[in-house]
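For reference, the structure is listed below as structure tokens.
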Amino acid sequence: MMGKQISEKNSGLSAGEMSLLLDISQSITMIRDKNALWKVMIEKIKPVLNFKASVTTIYSPNYAQYCYFLYSDSLVEKVPEGLKNV
């Protein structure tokens, strides 16, 4: 058996929570570029987590290179020290 079927009973989640997680999971599988990533972050994940800012790290396929993307609801006046030299 490849994986265990997750149900409301063994997950501790309600039907609504399971539906929301499935919707987010399906959206994530459709991400093919940065624009799609931000769309999922803002439309699907932000309403659940209610964050004001986030930093996303995107790696090259061989993990040799990476870049950071900062999302914020408002103007960022101070960039975190660790991100200044990236």
Side-chain angles (χ1 to χ4, degrees):
M1 183 179 205
M2 200 79 172
K4 184 178 178 182
Q5 182 73 21
I6 297 176
S7 68
E8 290 176 50
K9 184 177 178 180
N10 65 18
S11 71
L13 301 173
S14 70
E17 290 168 325
M18 289 290 289
S19 177
L20 178 62
L21 285 174
L22 180 60
D23 182 46
I24 290 171
S25 294
Q26 289 173 335
S27 296
I28 289 171
T29 64
M30 303 304 290
I31 294 172
R32 298 291 181 261
D33 59 34
K34 289 179 274 195
N35 290 333
L37 170 66
W38 289 116
K39 183 175 172 123
V40 170
M41 291 284 293
I42 293 167
E43 292 179 1
K44 304 284 184 175
I45 298 172
K46 186 175 184 292
V48 175
L49 300 178
N50 195 29
F51 57 83
K52 293 186 183 286
S54 69
V55 176
T56 303
T57 307
I58 299 179
Y59 290 89
S60 65
N62 65 359
Y63 296 96
Q65 297 176 322
Y66 59 91
C67 59
Y68 294 107
F69 292 91
L70 173 65
Y71 166 82
S72 177
D73 283 348
S74 58
L75 178 66
V76 176
E77 294 179 20
K78 184 177 179 185
V79 175
E81 195 63 39
L83 294 180
K84 288 182 181 179
N85 298 324
V86 176

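Positions are given from 1 along the sequence.
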[atom1]/[X] to [atom2]/[Y] distance, rounded to the nearest 0.5 angstrom?
| X | Y | atom1 | atom2 | result |
| --- | --- | --- | --- | --- |
| Met18 | Ser25 | CE | OG | 9.5 Å |
| Ile45 | Ser27 | CD1 | OG | 8.5 Å |
| Glu43 | Asp23 | CD | CG | 10.5 Å |
| Ile28 | Lys44 | CD1 | NZ | 10.5 Å |

Minimum heavy-atom distance [X]-[Y], with the two atoms named:
| X | Y | result |
| --- | --- | --- |
| Ala64 | Ser60 | N-OG, 3.2 Å |
| Phe51 | Met41 | CZ-O, 3.9 Å |
| Trp38 | Leu70 | CH2-C, 4.5 Å |

Heavy-atom side-chain contact between Gln65 and Tyr59 under 4.5 Å: no
Indicate, with yes or no, if Met30 and Leu22 share a hydrophobic cluster defined by side-chain heavy-atom contacts under 4.5 Å among Ile, Leu, Val, Met, Phe, Trp and Tyr. no
Check step by step if side chain to side chain contact (heavy atoms under 4.5 Å, CB included) holds for Phe69 and Leu37. CA-CA 11 Å; Phe69 292 91; Leu37 170 66; over 6 Å; no
Please determine whether side chain to side chain contact (heavy atoms under 4.5 Å, CB included) holds for the pair Ile58 and Tyr66, giving the CA-CA distance in whole Å, both sets of side-chain angles, and the decisive distance to 0.1 Å. CA-CA 5 Å; Ile58 299 179; Tyr66 59 91; over 6 Å; no
